[in-house]
Amino acid sequence: MKFINYLESITGVSIYPLSAQIIFIVVFAVAIYLAMRTSKESIKKYKNLPFE
Amino acid sequence: MSAQIEQFQYDNKVVKQFAIATAFWGIIGMIAGLLAALQLVFPVLNFDLPYTSFGRVRPVHTNAVIFAFVGNGIFMGVYYSLQRLCKSRMWSDKLSKIHFWGWQLIIVFAAATLLFGYTTGKEYAELEWPIDILITLIWVVFGLNMFGTILTRRERHLYVAIWFYIATWITVAMLHIVNSVEIPVHLLKSYSWYAGVQDALVQWWYGHNAVAFFLTTPYLGLMYYFVPKAANRPVYSYKLSIIHFWALIFLYIWAGPHHLLYTSLPDWAQSLGTVFSIMLIAPSWGGMINGLLTLRGAWDRVREDVVLKFMVVAVTAYGMATFEGPMLSLKNVNAISHFTDWTIAHVHVGALGWNGFLTFGVLYWIVPKMWNTKLYSKKWANWHFWLGTLGILLYAVPMYWAGWRHYEMMNEFNPDGTLTYTFVNMLDGMKSFYMLRSLGGLIFLVGAFLMIVNLIKTAKYGSFIANEAAEAPALAKNVEIHGKEHWHRVIERRPIQLLILALVMVAIGGVLEMVPTFLIKENVPTIETVKPYTALELEGRDIYLREGCYTCHSQMVRPFRSEVARYGEYSKAGEFVYDHPFQWGSKRTGPDLAREGMKYGHEWHYNHMARPTETETKSIMPNYTWLLTTPIDKEGTPAKLRAMATIGVPYEQADIDNCVADLEKQSREIYNVLKPFDDEGKLYRNDDGESLLTEDSEIMALIAYLQRLGTDIRVKPNTTAK
């Protein structure tokens, strides 16, 4: 019995790390897109909220 | 038409209470840490008492610093900043009060139960199930109060600090609930629902994210509020803070398995943990850069302003720790750092530098504000700053050195292929490092004392504003939208949607890591020779948990030449299927015990537990003399087996019915082996020269357990060959 392999042998295990990467790239890209789309006026207002 | 201006008051009283609790528990936690550090140099400081032995003091230290010091620090900062960012008093004074006193009650229960040996045996999640439930209830109270405040706010946009608070709340709730699923045996005893490799995965998913979502994200929220306030200029880049937030919370949740590299956890999960840990550098450093660049054009003030000094070092320590963390996730680096003092250095750069210094900075900033005065002594505060910095250096540098030395010595072979150093050789070389570390801790503690005196004096000369008057226009019900706006703007002003999105982000990582490891449980070829523990061994295991043996001893032989040569065959996942909870450990101040079974005779263990220096002159292990005189609590044994059977350990009804008789039989067998040694005077005796050997003492159970460790797959050595 090969103990070292039994948890690696599930069918299509690669889908888990692969999906993790894809989800992350999507989340990251969306976050950057949204941050860049925000207007300068809004950003200025938001960043000054602690001083209001 | 402009909205009507409303008058209201900020509640400073609850902030004051949490501030006092932060300082008080900080000192207690640090004293416990200092005691634990000194015990490793002077074992006599274990005082030969169960309540003061290292294995019980160390969890008190970690729990006090994480949940009492930093916990109260989080609530102090959140209650101060949230009200101001929402332009609203906390939603309910009553909930604030319940939250404050409830949390203090939890801390007191935690300290008492841990010192009395009531523990689940899972690091940083040691508290027993009634306290777990209490934590959940109080956390809900905190959440209700926080969301009540957010929902009744007078500012439309949720400032980025609040996003961090929301993510903290929901993620900590998720982590705490999932990791605390356990089967109660009685009021103060339970077993983890998960076993072995699964328990390890859940535990370190929790453990790593306790660092991420208890020690980091709430403090990043505090950083985004208090650093701009102290520097009197807005955060460097708000856009960066948006990216920082989403990338950080998404990535952090996957990184847990980097605590289990080279263990029996499946390779793909280890690799996933490594990859996400490396990627974590980007958002972490994004946050650090954002914090530091907030001071652009104001660096001259850092020379003068002690609050900024503390905050700059805190953010720098955050940057150092979050660079080091991903490096430690590389397998080749982890091979060195894991189980050694390198990890201890790493966590203390975070705890003392990031959490400690940011807390101190916030305290120095809010106390004069709330007492409407100036800081009593800037000079003392500067002294505190330098003492703290020196303390961190004196702590961290020797520990880094010790970690490398540990690794080097443990991996040195003689030309004939034998190991050069014994474990005790290595440990003996650690004492000077441990002494320096204690000194660093002491200096840090002195600085903290100085701060407390300074803040008390400040408060004395000021006048506390319990209810701070404020005014703001009421929030218009309908949002005026100018032009086109995209959905994220909508999310940013809708806390519940933000909460749900944050939960989805953090849940994805947990689900994708855990589901495969759990679902294939049925497919895991169990090792035929691995059997459940006998009743006596189970009692022995519970004593092992109670005394916190896992704080110094690992039970995980990694597949390295040096470890296999030192300890024996490397550990297999199938060996741990009945381990509720797993006991792989995270630090080796003592040797690994995964293959301890039958390495020594029963009499060696008996004498070793009574007086470790009798069997190993340079041992720093505490004396466990009370195990020789305390009888095994046999009345509780059937309930323990029943609980284990409920969570899948294959005990038959007959095993449970006969467990006490079986226990006594096995205990008698051990006694019979020990008796001749006792007759010859080769067993430990008390000061009056009297024998302490009895059939039903706890030492019998512990010996039974230790002698069982790692022996299951030795029964038929060739069963694993094909």
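So you know, we letter chains A, B, ... as the sequences are listed, proteins then strands, and number each from 1. Keep in mind that what you see is a predicted model, and the values were worked out from it rather than measured.
- Residue B/L240: no heavy atom, backbone or side chain, is found under 4.5 Å from chain A.
- Taking a 6.0 Å sphere around OH of B/Y236, one finds it holds 12 or fewer heavy atoms contributed by other residues, nucleotides or ligands.
- B/V275 touches chain A through its side chain: at least one heavy atom from C-beta onward sits under 4.5 Å away, while N, CA, C and O do not.
- For the residue pair B/Y238 and A/T38, no side-chain donor N or O sits within less than 3.5 Å of a side-chain acceptor on the partner.
- Outside the 6.0 Å centre-distance limit, the rings of B/F226 and B/Y224 are not counted as a close aromatic pair.
- In this structure, chain B has a heavy atom under 4.5 Å from the side chain of A/K45, while its backbone stays farther away.
- When the options B/I508, B/L280, B/V506, B/T274 are evaluated for a side-chain contact (heavy atoms from CB on, under 4.5 Å) with B/W254, the one that passes is B/I508.
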